[in-house]
Amino acid sequence: MNSDLRDKISSAATAIEITLGLIILIACVVSSLGIVFTTNLQTLFIDPDYLQARLSDACLIIIGIELIKMITSYTIDSVVDVMLLAVARQMIVEHTSPLENLLTVLAVGLLFVIRKYLYISQIDRRKSKREVEEAVRAQVFGKMGKSKEEHEKEFHI
């Protein structure tokens with residue numbers, strides 16, 4: 001009974017995540033079309049603030065798309081990607097002080113260090129129940145070249 005309730009809650013949470021992802025996707029598509037159709041090319045070439053506003057809008061749409069990827073993939077890699085884009089957008093689009101720029105560069109550098117040295121992609125990727133069982137079996141029995149059947153005979157599994 002407890003397992004059934006847990007499965008139902010997990011399914012409901014997944015349905016909510018998918019629904020929110022679809023809503024964000026629709027908002028990104030509508031916003032993208034809005035940027036394309038409402039951009040005034042004359043003003044774009046004359047007014048740097050107008051260009052900056054359009055870049056800011058485009059970066060927000062890109063962050064929204066990455067957020068959808070993060071919601072659907074469940075990986076640390078996608079979280080780091082969203083954080084990198086958000087921090088980079090802050091520095092690129094907005095006028096910030098030299099100290100804020102330094103902190104932003106340090107934050108981006110830290111995120112790259114985390115991704116390079118602290119992130120192991122094989123652990124993070126989604127696995128099926130069978131893959132998990134095989135990985136555990138390989139860890140317990142070692143990768144000595146024995147087949148599953150040989151291990152089962154040896155340990156009467």
Side-chain angles (χ1 to χ4, degrees), residues 2-140 143:
N2 192 15
S3 179
D4 290 340
L5 180 62
R6 213 176 263 144
D7 290 341
K8 288 179 183 177
I9 291 172
S10 178
S11 296
T14 301
I16 291 170
E17 286 177 344
I18 291 171
T19 303
L20 286 174
L22 285 172
I23 291 169
I24 294 169
L25 181 63
I26 291 168
C28 287
V29 169
V30 169
S31 297
S32 297
L33 293 173
I35 287 176
V36 170
F37 292 120
T38 62
T39 299
N40 184 342
L41 291 178
Q42 276 185 321
T43 310
L44 189 66
F45 292 118
I46 297 170
D47 187 10
D49 291 332
Y50 185 73
L51 174 62
Q52 183 177 353
R54 292 298 164 181
L55 285 175
S56 178
D57 294 342
C59 286
L60 281 174
I61 292 168
I62 292 169
I63 290 171
I65 292 167
E66 286 296 322
L67 183 64
I68 294 167
K69 289 182 186 178
M70 182 182 77
I71 289 171
T72 58
S73 71
Y74 298 108
T75 63
I76 294 170
D77 197 32
S78 62
V79 174
V80 172
D81 284 344
V82 170
M83 291 172 66
L84 278 169
L85 285 170
V87 170
R89 177 197 174 273
Q90 174 77 22
M91 186 174 131
I92 292 170
V93 177
E94 296 181 15
H95 294 293
T96 55
S97 70
L99 179 61
E100 289 174 325
N101 288 341
L102 175 65
L103 291 174
T104 303
V105 169
L106 290 174
V108 169
L110 181 63
L111 287 170
F112 276 118
V113 167
I114 289 170
R115 176 186 251 171
K116 174 80 175 171
Y117 296 107
L118 300 177
Y119 171 69
I120 302 168
S121 62
Q122 288 118 357
I123 292 174
D124 195 30
R125 96 178 162 87
R126 260 189 164 173
K127 296 178 182 176
S128 68
K129 183 178 178 183
R130 180 181 175 143
E131 288 176 318
V132 170
E133 289 172 353
E134 289 173 0
V136 169
R137 194 174 289 116
Q139 288 293 325
V140 171
K143 297 181 182 178

So, using side-chain hydrogen bond (donor to acceptor under 3.5 Å, both in side chains) as the criterion, who are the partners of [X] when residues are at least two apart?
X     : value
Asp47 : none
Ser31 : none
Ser11 : none
Ser56 : Arg89

Using every non-hydrogen atom in the two residues, find where [X] and [Y] come nearest and quote the distance to one decimal.
X     : Y      : answer
Val87 : Ala107 : CG1-CB, 4.2 Å
Thr38 : Tyr50  : O-OH, 3.3 Å
Met83 : Leu111 : CE-CD2, 3.8 Å
Ser32 : Ile61  : OG-CG2, 3.5 Å
Leu67 : Val82  : N-CG2, 3.9 Å

Open item on the list: If the condition is side-chain contact (heavy atoms from CB on, under 4.5 Å), which residues does Leu51 pass it with, not counting sequence neighbours?
Closed with: Leu44, Leu55
Working to the nearest 0.5 Å, report the span between [atom1] of [X] and [atom2] of [Y].
X      : Y     : atom1 : atom2 : result
Leu110 : Leu84 : CG    : CG    : 10.0 Å
Leu85  : Ile63 : CG    : CD1   : 6.0 Å
Leu5   : Ile9  : CG    : CD1   : 4.0 Å
Thr72  : Ile18 : OG1   : CD1   : 9.0 Å
Ile46  : Leu41 : CD1   : CG    : 10.5 Å
Thr14  : Asp7  : OG1   : CG    : 10.5 Å

Task: Donor-acceptor under 3.5 Å (Thr104 side chain, Glu100 main chain) - done: yes
- [ ] Scan residues 57-68 for pairs that pass side-chain hydrogen bond (donor to acceptor under 3.5 Å, both in side chains), counting only residues two or more places apart or in two chains.
- [x] Glu66-Lys69
